[in-house]
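Structure record follows, encoded as structure tokens.
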Amino acid sequence: MAAVTLFWAPRAWVGGRWRDAVLLAAGDDGCWTEVSCDTPPPPAAQRLAGDALPTLVDAHSHAFQRAFVGLSERRDSAHDDFWSWRDRMYGVALKLRPEQLRAVAAQLYAELLAGGYSQVCEFHYLHHDLDGRPYADPAAMSRALADAAEDAGIGLTLLPVLYERAGFRAEALRADQRRFATTPRQVREIADALRGRPGVTVGAAVHSLRAARPASIAELAAACTGPLHVHVAEQTAEVEDCLAATGCRPIEWLARHAGLDARWQLVHATHATPAEIEAVAAAGAGVVICPATEADLGDGFCDLPRWLDAGVPLAVGSDSQVVRAWPEELRWLEWGQRLLHRRRNVAAAPGAEPASAARLFERMRAGGGTAAGFERWGLEVGARADLVELDAAEPALAGLPPSHRLDGLVFGAPAAPFRRTLVGGRWVEPDRGAIKARFLAAMQELWEEA
């Protein structure tokens, strides 16, 4: 008989709402085999002190950019925007070695774990040695990320990136992009090198339409069996360049020429027309929104009401790592919409789901699982046995009726009030002291001249 581990929570988020007295059984394969509500705790069950929530997937991460957080918040010229930030960000991309990447990524992944995530989709384009030549092991930087995820105890979806050119009219990459260069074959080889490693799921990514040739996008898409991610329509300048080069807006081009389907995850999709949103919905593709990064970089506001109403799968990502907890990402996603539309509870759906936090959380839970390559995600039979336990002593949640605790978590808690995280049926407790020490050493090496 297969072994199971039992957990019992006074309340848990099941089926899109809080349920009382929830018994959860994790099988020896690390997945839920039973989720029963209104059930007394059996003697063998581990009793949680606080309520249980599903974890979320961080569906878009550039781990190396954790080393750049806090170092781009000054302006010494007349103008500062996404493109000038990008040029400065390349400075860290040109310095990191595999051992430093592992140290930086492990610190990030431990922080993401504390922020309510248990899986991270790594949109990984930092592949080659400092001079742009492949390492003896072309997957060396990818292995560093997998080692970092193992150090922290978080699941990893590795998405090696196709990156061929500096822009629509460019034949090649710029010198400061030399570490990113890949062909569809190289992307597949990197993915294959990590395929089958415990804790790692693999897919692929296209950096952007400006960075990859149409034939290469088609070749990669034809070969990809996992999730397939792409940056798209983040900046208005990108939309204008795509129109000038192809006659289509970026999302419009993908819908017409890329064979969009449920594998595709459109990262940002900030500047989308109603017709493009309808096309994405019809194709079954998903969208990954990165609210904190999009605010930090001045990208603009997405059309959240239309994405929600169209039924498009949605996920959330930490991207440049300025925020590393999903409650704050969801808070800023809704608050941004309130500022834009000058009204409250924009994400709510009166008559269906009146709570903004619940509607956003449920969409990000389901969409994030798909973005990471999982058929099921959350507290349901067959999903990986992941959850976070809320801190019962968190002042921000004190006194709230149980039905409003998710509202308080998203809109009233200054920090992520999570006590501990379960991944694959096991409580994860990374050695945060050792991880931080390696991170600080790597940061000193990287910025000793700063």
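Side-chain atoms are counted along with the backbone in the values below, which use heavy atoms only and exclude waters and symmetry mates. The first residue of the sequence shown is numbered 1, and numbering continues consecutively from there.
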Check: Q119 and T157: side-chain hydrogen bond (donor to acceptor under 3.5 Å, both in side chains), yes or no, with the steps?
Finding: CA-CA 7 Å; Q119 183 81 14; T157 298; 2.9 Å; yes
Checklist line | side-chain contact (heavy atoms from CB on, under 4.5 Å) between L400 and D407, worked out | finding: CA-CA 9 Å; L400 286 176; D407 304 317; over 6 Å; no
Check: side-chain contact (heavy atoms from CB on, under 4.5 Å) between L409 and F418: does it pass, once the steps are laid out?
Finding: CA-CA 10 Å; L409 170 61; F418 303 130; 4.2 Å; yes
Check: Between E111 and R66, is a salt bridge (charged side-chain N to carboxylate O under 4.0 Å, His left out) present by the stated rule, with each step listed?
Finding: CA-CA 10 Å; E111 292 171 337; R66 177 63 182 86; 2.8 Å; yes
Next item on the list: In sequence, state the C-alpha distance, the side-chain angles, and the governing distance for L387 and W32, and then conclude on side-chain contact (heavy atoms from CB on, under 4.5 Å).
Entry: CA-CA 11 Å; L387 62 78; W32 297 122; 3.8 Å; yes
Margin query: Apply side-chain contact (heavy atoms from CB on, under 4.5 Å) to residues M364 and L330 and explain how you reach the verdict.
Written below: CA-CA 9 Å; M364 302 299 177; L330 297 193; 3.9 Å; yes
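Checking each of E389, E394, E429 against R419 for a salt bridge (Lys or Arg N to Asp or Glu O under 4.0 Å) leaves exactly one that passes, namely E389.
Within the model, atoms CG of D431 and CG of D151 stand 9.5 Å from one another, a figure rounded to the nearest 0.5 Å. If you take CZ on F168 and CD on E238, they are separated by 6.5 Å, rounding to the nearest 0.5 Å. A distance of 11.5 Å separates CG in L94 from CG in L446, rounded to the nearest 0.5 Å. Here E380 contributes atom CD and R376 contributes atom CZ; the two are 7.0 Å apart, rounded to the nearest 0.5 Å. Considering CD of Q46 and CG of L6, their distance stands at 8.5 Å, rounded to 0.5 Å. In this structure, OG in S208 is found 10.0 Å from NE2 in H268, a value given to the nearest 0.5 Å.
F301 does not carry R306 over the face of its six-membered ring by the limits of under 6.0 Å from the centre and within 45° of the normal.
Within the 4.5 Å cutoff, no side-chain heavy atoms of V22 are placed close to those of S36. Contact of the L126 side chain with the L96 side chain is registered, since non-hydrogen atoms from C-beta on lie closer than 4.5 Å. Taking 4.5 Å as the limit, every side-chain heavy atom of L112 sits out of range of all side-chain heavy atoms of W326. T246 has its side chain out of reach of L209: every pair of non-hydrogen atoms, C-beta onward, lies at least 4.5 Å apart. At least one side-chain heavy atom of T182 sits less than 4.5 Å from a side-chain heavy atom of H127. Side-chain atoms of W85 and S320, non-hydrogen and from C-beta on, do get closer than 4.5 Å to each other. A heavy-atom distance below 4.5 Å is found between the side chains of L158 and P160. Under the 4.5 Å side-chain criterion, counting only non-hydrogen atoms from C-beta, L156 is in contact with V120.
Checking side-chain atoms of R195 against main-chain N and O of G203 turns up no donor-acceptor pair under 3.5 Å. The closest donor-acceptor contact from the side chain of R365 to the backbone of W377 lies under 3.5 Å. Judged by distance alone, with hydrogens and angles left aside, the side-chain atoms of T421 form no donor-acceptor pair with the main-chain N or O of V388 at under 3.5 Å. Side-chain atoms of T370 do not come within 3.5 Å of backbone N or O of G368 as any donor-acceptor pair. The closest donor-acceptor contact from the side chain of Q444 to the backbone of L440 lies at 3.5 Å or more, if one exists at all. A donor-acceptor pair is defined here as one N or O able to donate and one able to accept, closer than 3.5 Å; no such pair exists between the side chain of Q265 and the backbone of P227. With hydrogens and angles disregarded, no donor-acceptor distance shorter than 3.5 Å links the side chain of R420 to the backbone of V428. Between the R102 side chain and the A146 main chain, no donor and acceptor come within less than 3.5 Å of each other.
Between A103 and A442, the shortest heavy-atom contact is CB-CB, 3.9 Å. Looking at every heavy atom in both residues, P10 comes nearest to G50 through CD-O, 3.7 Å. Taking every heavy atom of both residues into account, D58 and Y117 meet most closely at N-CD2, 3.3 Å. Residues A67 and W447 come closest through the heavy atom pair O-NE1, 3.1 Å. Between G153 and L113, the shortest heavy-atom contact is O-CD1, 4.4 Å. Here the closest non-hydrogen pair linking C302 and L333 is SG-CD1, 4.4 Å.
The pair D80-R88 counts as a salt bridge, with a side-chain nitrogen and a carboxylate oxygen less than 4.0 angstrom apart. Looking at R11 and D51, a side-chain N of the basic residue comes within less than 4.0 Å of a carboxylate O on the acidic one, giving a salt bridge. A salt bridge between E334 and R344 is absent, with no side-chain N of the basic residue lying under 4.0 Å from a carboxylate O of the acidic one.
The side chain to side chain donor-acceptor pair (under 3.5 Å) search around H257 returns none, not counting sequence neighbours. With sequence neighbours left out, R197 forms a salt bridge (Lys or Arg N to Asp or Glu O under 4.0 Å) with D147, E150.
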Return a table of donor-acceptor pairs under 3.5 angstrom between the side chains of residues 271-289 and protein atoms on other chains or two or more places apart.
{"from": "H271", "atom 1": "NE2", "to": "E234", "atom 2": "O", "distance (Å)": "3.3"}
{"from": "H271", "atom 1": "NE2", "to": "D299", "atom 2": "O", "distance (Å)": "2.9"}
{"from": "T273", "atom 1": "OG1", "to": "E276", "atom 2": "N", "distance (Å)": "3.1"}
{"from": "T273", "atom 1": "OG1", "to": "E276", "atom 2": "OE1", "distance (Å)": "3.4"}
{"from": "E276", "atom 1": "OE1", "to": "R249", "atom 2": "NE", "distance (Å)": "3.2"}
{"from": "E276", "atom 1": "OE1", "to": "T273", "atom 2": "N", "distance (Å)": "2.9"}
{"from": "E276", "atom 1": "OE2", "to": "R249", "atom 2": "NE", "distance (Å)": "3.4"}
{"from": "E276", "atom 1": "OE2", "to": "E252", "atom 2": "N", "distance (Å)": "3.0"}

Would you be so kind as to tabulate the donor-acceptor pairs closer than 3.5 Å made by side chains of residues 13-21, with sequence neighbours excluded?
{"from": "W13", "atom 1": "NE1", "to": "E362", "atom 2": "OE2", "distance (Å)": "2.9"}
{"from": "W18", "atom 1": "NE1", "to": "P402", "atom 2": "O", "distance (Å)": "3.3"}
{"from": "R19", "atom 1": "NH2", "to": "D38", "atom 2": "OD2", "distance (Å)": "3.4"}

Please list, one pair per line, the donor and acceptor atoms closer than 3.5 Å that link side chains of residues 346-360 to other protein atoms, with sequence neighbours excluded.
{"from": "E353", "atom 1": "OE2", "to": "A355", "atom 2": "N", "distance (Å)": "3.0"}
{"from": "S356", "atom 1": "OG", "to": "N345", "atom 2": "OD1", "distance (Å)": "2.9"}
{"from": "R359", "atom 1": "NH1", "to": "A347", "atom 2": "O", "distance (Å)": "2.9"}
{"from": "R359", "atom 1": "NH2", "to": "D309", "atom 2": "OD1", "distance (Å)": "3.3"}

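Counting only residues at least two apart or on different chains, no salt bridge (charged side-chain N to carboxylate O under 4.0 Å, His left out) pair has a member in residues 408-417.
Taking the six-membered ring where the residue is Trp, H207 and Y125 present perpendicular rings, their angle passing 60° and hence far from 30°.
Within 6.0 Å of the CZ atom in R343, the count of heavy atoms belonging to other residues, nucleotides or ligands exceeds 12. Atom CZ of R256 sits in a sparse spot, with 12 or fewer heavy atoms from other residues, nucleotides or ligands closer than 6.0 Å.
Side-chain contact check for H231 and H229: no donor-acceptor pair (N or O, by modelled atom type) lies under 3.5 Å. The closest side-chain donor-acceptor pair between H62 and Q321, if any, does not fall under 3.5 angstrom.
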